[in-house]
Amino acid sequence: MEVVILPGEERIAAVGADIIAQHVAAKPASVLGLATGSSPLRVYGELGRRVASGELTLSGCSAFLLDEYLGLQDDHREAYRRVIEREFVERVDIDSTRVHGPDGAAADVVAACAGYEEQMCAAGGVDVQLLGIGGNGHIAFNEPGASLAGRTQARMLTEQTRRDNARFFGDDIDAVPRHCLTQGIGTIREARHLVLIAWGSAKAQAVQQLVEGPVSALWPATALQLHPHVTVLLDDAAASRLELREHYLASAEHRLAGQWY
Ligand code: F6R
């Protein structure tokens with residue numbers, strides 16, 4: 001696991017965008033894995049800036065979302081498909097018909113999840129997957145106790161996640177759905193390069209577990225320790241509880257000077 005501690009969100013966004021740009025340069029038809037939530041928003045903004053200035057094109061790419069709420073109207077502002085359209089698709093030059101997400105309105109949820117896995121597989125799998133992390137260590141919506149090998153499925157959100165996400169729903173926890181569809185950790189671990197972004201002290205404990213804790217269903221993100229290619233981009237606050245912080249700072253200097261993958 002490559003841990004990179006950076007001086008603030010702006011640098012995280014630049015490095016996150018560099019990583020995606022390098023994948024796309026090597027493979028213009030890259031399959032991108034997209035996360036929602038606030039952590040990757042600046043990366044999407046930076047990718048948009050680079051596309052607008054002609055430095056980058058994502059026109060050959062396709063993309064898959066990590067997760068989706070169940071029980072929101074398709075056109076609800078906080079449905080993840082809508083969030084990604086607003087924050088990513090509208091800013092870059094990707095073909096929106098090649099951006100896919102789990103179908104939160106499906107009548108047959110089990111079939112929708114199986115179909116989503118097949119779609120990802122038919123696309124050749126995800127080349128580079130952006131991830132955030134929940135304060136409780138979830139990745140996508142794999143909450144504590146989730147299988148570390150699970151596939152895309154319907155899951156229940158914890159009270160903590162619903163409380164954390166209430167800020168997107170006018171601070172009304174009752175407006176936050178109780179259920180979701182999410183890629184499983186087994187699905188996520190098949191992406192070839194995982195790029196996890198975390199900033200702010202609210203993530204410090206989860207980040208410490210992710211990087212240095214024992215692999216445990218109590219902190220689902222710890223399953224990423226078993227993936228061969230993970231880059232973790234952190235600000236100082238998110239990195240503040242890491243025991244080997246000095247070592248990560250020293251080794252990241254080498255990386256910052258060179259290639260990211
Ligand atoms: C969203 C997702 C979640 C978030 C996590 C952190 O697609 O998969 O795991 O990444 O809840 O959310 P933020 O970034 O809002 O702190």
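Keep in mind that this is a model prediction, so the values were computed, not measured. Order of appearance sets the numbers: ligands from 1, and atoms from 1 within every ligand.
- Side-chain contact check for T158 and R163: no donor-acceptor pair (N or O, by modelled atom type) lies under 3.5 Å.
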Distances for all N or O pairs of ligand 1 and the protein under 3.5 Å?
from	atom 1	to	atom 2	distance (Å)
ligand 1	7 (O)	T36	N	2.9
ligand 1	7 (O)	T36	OG1	2.6
ligand 1	7 (O)	D67	OD1	2.7
ligand 1	7 (O)	D67	OD2	3.3
ligand 1	8 (O)	D67	OD2	2.8
ligand 1	9 (O)	H138	NE2	3.4
ligand 1	9 (O)	A140	N	3.3
ligand 1	9 (O)	A140	O	2.7
ligand 1	11 (O)	H138	NE2	2.6
ligand 1	14 (O)	S38	N	3.1
ligand 1	14 (O)	S39	N	2.8
ligand 1	14 (O)	S39	OG	2.5
ligand 1	15 (O)	S38	N	2.8
ligand 1	15 (O)	S38	OG	3.0
ligand 1	15 (O)	R167	NH2	2.8
ligand 1	16 (O)	K203	NZ	2.7

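- At distances below 3.5 Å, at least one donor-acceptor pair connects side-chain atoms of R86 with backbone N or O atoms of R77.
- Distance alone, capped at 3.5 Å, is enough to place a donor-acceptor pair between the R82 side chain and the D74 backbone.
- Counted within 6.0 Å of CD on Q160, heavy atoms from surrounding residues, nucleotides or ligands total more than 12; the atom is thus considered enclosed.
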Worksheet item: Between H138 and T161, does a side-chain hydrogen bond (donor to acceptor under 3.5 Å, both in side chains) hold up when you go through it step by step?
Response: CA-CA 9 Å; H138 72 219; T161 296; 3.1 Å; yes

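- Side-chain contact, D67 with Q183: no donor N or O sits under 3.5 Å from an acceptor N or O.
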